[in-house]
Amino acid sequence: MKLINCKWQQLILSLGCLLLILACNSFYPSTNQDAKFLKVATDPTFIPFEIQTASGKLEGFDIDLMNAIAQIAGFRVKFENLPFDGMISTLQAKTVDAAINGITITAERLKTIAFSRPYFKAGLAIAVRQDNHNIKDFNTLQGKKIAVQIGSTGADFAKTIPNARISTFNSGPEFFQDLLNGNVDAVVSDAFATLYAIKNGKLKGIKVVADLLTQEYYGIATPKDSPYLNTINKAIATLLSNGTYKQIYQKWFNAEPLQLPES
Ligand code: ARG
């Protein structure tokens, strides 16, 4: 009789454990080993939004944000390196589930892909060599040699500058090198990335002039009709209201986050 009792006890105990494990998994979906992997494209040359360390690890504001979103939403992220220029067409082809890469939400891009709610307030700025005193704003860019990143909002903006001679590059480090070499007079690119590099001593001899040329917002890009967009948006809202967004912002920019619109 005692032996039977003991068996029952063991059975009840193991059933209890099983239930506990099941319950924990549904409360903390991010620890669920079966959680879906989302393929997220990024180009780790856009510092400090995405950085690849010497050991190959991905870091940055966008990386922290995407991982925090995944934790709330209950999926896991598999980052895939992709050149910025190929990001939109890859989303259209649906070979990745999303892309995070300091991608500006624009009307043109919204024709072919979808975006999450804005997660970062940004804008374009002009960068010149420290000793340049004649380029100050849009007007003084006219007729100048300007470097931009292929497929970026900076490249679109540069097309509107009368008589500008435009050189296009694949990534930030390249166009800044051309500016330092004197091959171009100015770079038009995302202000925050440039200011971050200058502040951290990575762009010696370069300064940012004038105010922001544009006001832009970054969004997480997905294919149109993505089944994940709603979940991503909800997770962003949670991160904004529970202080996590602020923590990540302060970690990378050492400043208070700027106000974001809902859409
Ligand atoms: N925000 C700009 C755009 O969407 C430039 C982004 C550059 N990003 C990058 N990963 N290089 O066009």
Side-chain angles (χ1 to χ4, degrees), residues 39-53 57-66 77 79-92 96 98-127 146-161 166-179 184 186-198 200 202-203 206 208 211-223 249 252-253 257-258 260-261:
K39 267 201 247 170
V40 181
T42 196
D43 172 2
T45 61
F46 194 53
I47 299 160
F49 293 90
E50 22 277 316
I51 304 158
Q52 189 150 32
T53 65
K57 200 173 155 254
L58 282 178
E59 289 179 350
F61 176 88
D62 283 354
I63 307 298
D64 282 352
L65 189 78
M66 197 65 221
V77 181
F79 287 106
E80 284 195 6
N81 287 3
L82 200 74
F84 179 75
D85 189 34
M87 218 59 77
I88 310 281
S89 54
T90 306
L91 287 163
Q92 279 178 272
V96 294
I100 189 162
N101 213 187
I103 308 175
T104 303
I105 305 171
T106 68
E108 190 56 32
R109 290 173 181 165
L110 279 168
K111 286 182 192 161
T112 55
I113 56 166
F115 278 99
S116 69
R117 58 181 285 166
Y119 73 83
F120 195 90
K121 187 170 183 182
L124 295 174
I126 306 168
I146 300 169
V148 294
Q149 172 158 22
I150 300 173
S152 69
T153 47
D156 291 339
F157 184 88
K159 287 182 201 145
T160 68
I161 302 166
I166 302 170
S167 325
T168 53
F169 293 85
N170 272 321
S171 69
E174 294 172 46
F175 53 60
F176 285 121
Q177 201 46 54
D178 246 46
L179 179 61
V184 295
V187 163
V188 172
S189 67
D190 294 50
F192 276 82
T194 312
L195 288 169
Y196 181 91
I198 290 174
N200 290 282
K202 297 259 157 49
L203 281 184
I206 287 176
V208 164
D211 296 330
L212 292 186
L213 294 168
T214 56
Q215 176 172 294
E216 304 184 359
Y217 291 99
Y218 297 160
I220 296 171
T222 66
Y249 197 101
W252 292 101
F253 298 103
L258 302 171
L260 293 170

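One-based numbering, in listed order, for ligands and for the atoms of each.
Scanning both residues, L212 and A122, for their nearest heavy atoms gives CD1-O, 4.4 Å.
Residues forming a salt bridge (Lys or Arg N to Asp or Glu O under 4.0 Å) with E59 (at least two apart in sequence, or on another chain): K57. Residues forming a salt bridge (Lys or Arg N to Asp or Glu O under 4.0 Å) with D156 (at least two apart in sequence, or on another chain): K159. N170 is linked by a side chain to side chain donor-acceptor pair (under 3.5 Å) to nothing, counting only residues two or more places apart in sequence or in another chain.
Side chains of E216 and T153: a donor on one and an acceptor on the other come within 3.5 Å.
Protein residues with any heavy atom under 4.0 Å from ligand 1: F46, F84, N101, G102, I103, T104, R109, Q149, S152, T153, D190, Y218.
Aromatic ring centres of Y217 and F115: separated by at least 6.0 Å.
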